[in-house]
Amino acid sequence: MIEDKNQQTTQLSDLGEFGLIEHLTKHFKIKQKSTIKGIGDDAAVLEFKNKKIVVTTDLLVEGVHFDLSYMPLKHLGYKAVIVNLSDVFAMNATATQITVSIAVSNRFPLEALEDLYAGIGTAANIYNVDVVGGDTTSSTKGLLISVTAIGEVENNDEVYRNGAKPNDLLVVSGDLGAAYMGLQVLEREKEVYKVNPNNQPDLEPYTYIVERQLKPEARKDIIKLLSDLKLKPTAMIDVSDGLSSEIIHICKQSKVGCDLYEEKIPLDPQVISTCEEFNIDSTTVALNGGEDYELLFTISQKDYPKIKANPNFSIIGHIKEERAGTHLITRAETKIPIKAQGWKNFSA
Ligand code: ADP
Ligand code: MG
């Protein structure tokens with residue numbers, strides 16, 4: 001994909017490491033008052049008063065987490081930031097800073113890294129976080145990108161995975177399964193392209209699901225909404241590996257069980273139609289797909305009026321005693337134990 005581009009290319013070796021860092025980061029402006037020193041010294045300096053600090057890291061590896069044949073570098077930069085911010089929001093915290101580390105092979109010209117950093121910069125601006133540092137090194141093959149995100153949360157406002165109580169309601173934001181189906185469409189088009197490179201893919205019927213794969217968003221708006229509603233979830237997690245694995249995390253850590261109702265799982269019409277086309281069960285996709293970056297949380301029954309009829313939220317189940325186990329209640333009203341499939345990084 002990079003080689004296809006009819007544009008000027010500059011070898012990274014022409015700039016040297018320091019020239020490269022300076023070139024890629026010179027447009028980043030400091031926006032947060034907690035950032036005392038950003039890029040340019042041996043370490044960033046941050047100052048948070050009377051707040052708890054949350055820190056989270058993700059590492060993305062070419063060929064494992066992304067495929068540059070359909071993932072434009074600008075989108076990759078954006079997504080690498082988003083996946084981290086999603087973890088900050090899942091703590092009910094506000095994201096404030098990120099660091100970005102990259103390892104690149106000489107296969108990538110400067111212009112490719114400019115695209116990557118354009119995506120990183122766009123996400124940092126939209127989500128109002130400062131890029132305060134990182135590291136730059138070479139790799140023998142492929143691209144690695146690691147983002148660390150830092151956030152702040154008022155004392156006692158942080159939400160863990162372990163606070164769910166029996167009778168709590170299980171709630172999820174947005175809809176599920178779209179990013180996974182978007183990936184299925186992109187993989188299919190890639191195969192078609194391999195056979196006939198003149199065949200232009202028609203992605204028009206799949207715009208929503210492809211965008212959910214290539215340009216996901218983190219639910220900063222939901223954290224704001226919860227705060228406006230004066231609603232503190234009892235437990236929360238972001239949906240990165242699929243609903244079933246996230247439910248199991250909450251249940252294990254909270255020592256509770258759960259009933260999840262199949263008919264309540266929120267699905268976009270495009271997910272349903274694409275699942276029909278691919279002959280895949282849409283519930284399986286929501287349970288095991290992943291990369292939704294929605295927020296899954298539990299709330300006390302007394303808080304039900306605060307979210308009732310809010311289109312941002314779906315109540316998909318309720319929490320039970322641990323000994324009741326963790327089950328999916330199907331449309332046919334059969335009870336199936338929920339198993340964690342998780343994202344398939346380590347499977348053969
Ligand atoms: P050091 O030798 O101390 O590791 P570097 O030369 O790697 O320092 O980094 C110089 C400055 O540039 C530091 O502030 C570092 O955090 C920042 N930096 C390095 N690489 C990146 C990058 N890829 N993205 C953003 N900031 C970076
Ligand atoms: Mg360094």
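Order of listing sets the numbers, starting from 1, for every ligand and every atom in it. The analysis underlying the following values was restricted to heavy atoms, covering all of them including side chains, and did not include hydrogens, waters or symmetry mates.
Here Y261 pairs with H318 under the ring-ring contact (aromatic ring centres under 6.0 Å, His included) rule; sequence neighbours left out.
Between G40 and ligand 1 there is a heavy-atom distance shorter than 4.0 Å. Using 4.0 Å as the threshold, F28 has no heavy atom nearer than that to any atom of ligand 1.
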Table please: side-chain donor-acceptor pairs of residues 265-275 below 3.5 Å, with sequence neighbours left out.
residue, atom, partner, partner atom, Å
D268, OD2, Q270, N, 2.8
Q270, OE1, Y208, N, 2.9
Q270, OE1, I209, N, 3.1
Q270, NE2, P205, O, 3.3
S273, OG, P269, O, 3.2
S273, OG, Q270, O, 3.2
T274, OG1, Q270, O, 2.5

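Remark: the backbone N or O of R331 is paired with a side-chain donor or acceptor of E262 at under 3.5 angstrom. For D130 (side chain) and V132 (main-chain N/O), no donor-acceptor pair under 3.5 Å exists by modelled atom type.
Nearest-residue assignment for atom 25 (C) of ligand 1 (options S101, G133, A103; heavy-atom criterion): G133. In this structure, of I120, L116, D135, T99, the residue bringing a heavy atom nearest to atom 7 (O) of ligand 1 is D135.
When ring centroids are compared, F297 and F313 come within the 6.0 Å threshold.
Within the listing of ligand 1, atoms 6 (O) sit less than 4.0 angstrom from a heavy atom of F18. Taking every non-hydrogen atom of D41 and a distance limit under 4.0 Å, the qualifying atoms of ligand 1 come out as 13 (C), 14 (O). Atoms of ligand 1 found under 4.0 Å from any heavy atom of Y117, numbered from 1 in the order shown, are 22 (C), 23 (N), 24 (N), 25 (C).
Only the side chain of I21 comes within 4.0 Å of ligand 1, judged by heavy-atom distances. In T136, the parts holding a heavy atom less than 4.0 Å from any atom of ligand 1 are both the side chain and the backbone.
Any N or O atom pair closer than 3.5 Å counts here, and G134 shares at least one such pair with ligand 1.
Using a 4.0 Å cut-off between charged nitrogen and carboxylate oxygen, D303 and K306 count as a salt-bridge pair.
The side-chain heavy atoms of F48 and I150, taken from C-beta on, include a pair separated by under 4.5 Å.
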